[in-house]
Structure formats: C-alpha cells, structure tokens
Amino acid sequence: MTIPAEWVAHRAMWVGYPSHAELWEDDLEAAQEEVAALVRALVDPGRERVRLLVYGEDARRDAERRLGKLAGAEVDVVPGRFGDIWLRDTGPLFTADRRAIAFRFNGWGGKYVLEHDTEVAGQLAAASGAELVQHEFILEGGALDHDGLGTVLTTRQCLLNENRNTGWDEAKAEAALRRAIGAKAVRWLGDGLLNDHTDGHVDNLARFVARGVVACPAAQGDDDPNAGVYAATRETLAGMDDAAGQRFTVVGVPSPGRVVVDGKIVPASHMNFLIANGAVIVPEYNDHVGAAVEALRPHFPGRAVVASSSRAVLQGGGSFHCITQQEPEGP
C-alpha cells in the first residue's frame, strides 16, 4: 500500500491541460504553451509516456496543434471533465500494484470549488485501468511527499487545518495515513509559503530527492518573503529521521526569491519540480532558476535536470508538480 517514491520508474505521467478560458482569461494561451513545453520535456529528455487530460474540443484541438506528431504517439490526449488542471490534488495517488487511492476534495478548504473536480480521481483510475480505493477524509496529493519506504512529509498548516478535517490532530492524521497509504512515519513541518492558497502544501516547501535526502529552499535576497519559513524548515528537517531511523541529509536549493505579480507576492517555488523517468523539470519564474538547477543536479545522476517556464501556470495557482500525477510501474 505504500506510495512509491517519485523517482521510481513510471508507466505514465498524467498532465492537466489548461482548458477553461473563463478561468485563465488573458493567461490561457501562455499557460497552454508552457504546459505543451512541459509535455515535450517529459517526452524528451524525460522518457515518459504522457497522458494529457483535456476538457472540451477546443482544448483538444489546441493541444494536438501544439504537440504536433507527439499527439497520439508518445502523448495520449485524453478527453475528460475537470474544474481545473491541478491533478496532483484532485486526482488519486497510484500504488505499484495498480490501485488508485482517492480522497475527498473540497477545493482547498472551500476556496475554489469547481464543477467536476470531485470526478477527476475516478476518471484517472478508469483510464489507467487501476482499482479505485476511495477514502472519506479530505486530502490533496500535494500536501504529502513520499520516500517510498513509508516516510511521509507534510505540514501542520495544511493537514491539521480546520477547513479540511474538523478536529484532526497529529495522532488522528497519522492514523488516517497509516490506513490509507501505509504511512510508517509522518514527519511534520510547520507553515508553508506566504499567500499559498493550499494552506502550505509541502510540495512547495520540502521534497525527497533520494532516500534519506530532503531538499528545501534557501532564501534569495534580503527581501525574500519566506526567509523565516525556509530557515525554520531546514532546522526542523535536520533533526528528523526516516521510517528506517536514518537521519535526514538536508539540501538547500536557492529559492526564486521575492516574486510579485499584479502587486501581490506569489508562492513561487522551485520545490514544485517534477521527477520524470529521464529528467527533473524545474519550474522557472526568473533568473534564479539556474542556481536551483545546479543545486539539484548532483542528486539525480542519470537524469537531465532542466528548467522550463512556469510563469503563466503560476498565475493559476501552482506549477508543474501541481498539474501532474505519476503512475508507477508495477513490481
């Protein structure tokens, strides 16, 4: 039942395609091109079979036009229904034995409740030929990170938030994760990034890059709005161990620093990178991405570590990890 680490071999990678003009408005075309570029990188150098979920004929035609000969070859364009593209949170977590573990979804604590988002997990399970296993507590996939041995990283800000599961404390949350995904050790961080509507998803804050090795951001510039959060996260991680009792090695990855859009600080994070079969794809928001790529490269031997623009996708509220979900290969 344990969720595999993201670096194990994948059968396929699901990606959500921006499809709703009324949601994306002036950013729709730029977001579609960024997602198409992500898909191209997933195919080469990522060595992934991509399943691209689109909503409506306009989105299907647009995706096929942008992807050209990849569509129908290395990329399956899959018609579906969804509120928006954040498949990491609305979709299931896949196990190696072909189960799709799904949870209730309430729009990140009721902030963004969109039609069809609660149907995404069932659609992905059916299209993948996986058994759907539904749990009745509220959880988003981006709230957890996994080392494949049963160690789970999460944040109190999100998992214990009253807008998800009323009355949860650490003990209740850990018991639910043991039953649902075979968690053996839950390691708790505090708050996530400033202005993150997910209430502190851990995939913007700290990620396993190998067994016993966790990456977290290092502040960039005197005006980095999350400097205090990053320092606290690093200190907390340094005192933790995994389910096997191995003390974490903590890797600092330069953050994007202060990123402002329309006068508001946005939760831009290089931690929202995506691990593919042959590559690690790091979201790019500004010129700090090169330092992040160099910091991550030594921890992914045999994979290309590349950057790709995610500026328009961030306008929608997330980045590459948020819009994807991997299907691991079986044993």
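What's counted below: heavy atoms across the whole structure, side chains too, no hydrogens, waters or symmetry copies.
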If we only count heavy atoms from C-beta on, is the [X] to [Y] side-chain gap below 4.5 Å?
X	Y	result
Val260	Val266	no
Asp76	Arg49	yes
His135	Arg179	no
Leu42	Leu274	yes
Leu139	Arg164	no
Leu177	Leu159	yes
Val261	Leu314	no
Ile323	Leu38	yes

Nearest-0.5 Å distance, [atom1] of residue [X] to [atom2] of residue [Y]:
X	Y	atom1	atom2	value
Leu93	Arg99	CG	CZ	12.5 Å
Asp203	Thr198	CG	OG1	7.5 Å
Asp145	Leu153	CG	CG	6.0 Å
Ser19	Trp24	OG	CH2	10.0 Å
Gln220	His288	CD	NE2	5.5 Å
Leu205	Asp196	CG	CG	9.5 Å

Qualifying residues under side-chain contact (heavy atoms from CB on, under 4.5 Å), relative to Ala9, sequence neighbours excluded: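 Expected list: Asn277, Glu329.
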Measure from the side-chain N and O atoms of [X] to the backbone N and O of [Y], and report whether any donor-acceptor pair falls under 3.5 Å.
X	Y	value
Arg88	His321	yes
Arg303	Val280	no
Asp242	Arg211	no
His270	Pro254	yes
Asp84	Trp86	no
Arg40	Val35	no
Thr2	Gly150	no
Gln325	Gly91	no
Glu327	Trp14	no
Thr154	Ala143	yes

Should [X] and [Y] count as an ion pair when the cut-off is N to O under 4.0 Å?
X	Y	result
Arg98	Glu131	no
Asp62	Arg66	yes
Arg47	Asp44	no
Arg61	Glu64	no

Write down the atom of [X], the atom of [Y], and the distance for their closest heavy-atom approach.
X	Y	value
Ala307	Val289	CB-CG2, 3.6 Å
Met13	Thr324	SD-CB, 4.0 Å
His146	Ile181	CE1-CD1, 3.8 Å
Trp7	Asp147	CZ2-O, 3.8 Å
Gly190	Thr155	O-CB, 3.3 Å
Ala100	Phe94	CB-CE2, 3.9 Å

Shared hydrophobic cluster for [X] and [Y] (ILVMFWY, side-chain gaps under 4.5 Å):
X	Y	answer
Val209	Val306	no
Leu189	Val250	yes
Val253	Val202	yes
Leu87	Met271	no
Phe103	Leu160	yes

Please determine whether side-chain contact (heavy atoms from CB on, under 4.5 Å) holds for the pair Thr95 and Ile3, giving the CA-CA distance in whole Å, both sets of side-chain angles, and the decisive distance to 0.1 Å. CA-CA 5 Å; Thr95 64; Ile3 304 301; 4.0 Å; yes
Stepwise ring pair (Phe, Tyr, Trp, His ring centres under 6.0 Å) test for Phe208 and Phe248: CA-CA 10 Å; Phe208 286 108; Phe248 287 160; 5.8 Å; yes
Given side-chain contact (heavy atoms from CB on, under 4.5 Å), test Ile275 with Phe300 step by step and report yes or no. CA-CA 9 Å; Ile275 305 173; Phe300 292 100; 3.7 Å; yes
By side-chain hydrogen bond (donor to acceptor under 3.5 Å, both in side chains), which residues pair with [X], not counting sequence neighbours?
X	value
Trp188	Glu174
Asp241	Arg187
His201	Glu140

Aromatic ring proximity Phe273/Phe320, centre distance under 6.0 Å: no
Go through Arg60 and Tyr17 one step at a time and tell me if the side-chain contact (heavy atoms from CB on, under 4.5 Å) criterion holds. CA-CA 9 Å; Arg60 180 189 62 79; Tyr17 193 72; over 6 Å; no
With side-chain hydrogen bond (donor to acceptor under 3.5 Å, both in side chains) as the rule and sequence neighbours excluded, what pairs involving residues 103-125 come up?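 Listed by first then second residue: Tyr55-His116, Arg81-Glu119, Asp89-Trp108, Lys111-Asp199, His116-Glu119.
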Checking Glu34 against Ser309: is there a side-chain donor and acceptor pair closer than 3.5 Å?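 Distance-only check passes for Ser309 and Glu34.
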For side-chain contact (heavy atoms from CB on, under 4.5 Å), just list the numbers for Leu149 and Lys184, CA-CA rounded to whole Å, side-chain angles, deciding distance to a tenth of an Å, and then say yes or no. CA-CA 8 Å; Leu149 298 176; Lys184 297 179 175 65; over 6 Å; no
Show me, pair by pair, the donor-acceptor contacts under 3.5 angstrom made by side chains of residues 225-237, not counting sequence neighbours?
unit_1 : atom_1 : unit_2 : atom_2 : d
Asn226 : OD1    : Leu194 : N      : 2.8
Thr233 : OG1    : Val229 : O      : 2.8
Thr236 : OG1    : Ala232 : O      : 2.9

Got a sec: does the CD of Glu29 have more than 12 other heavy atoms crowding it under 6.0 Å? no
Hey, is CG on Asp26 packed in by over 12 heavy atoms from elsewhere, all under 6.0 Å?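 For Asp26, atom CG is not crowded (no more than 12 foreign heavy atoms under 6.0 Å).
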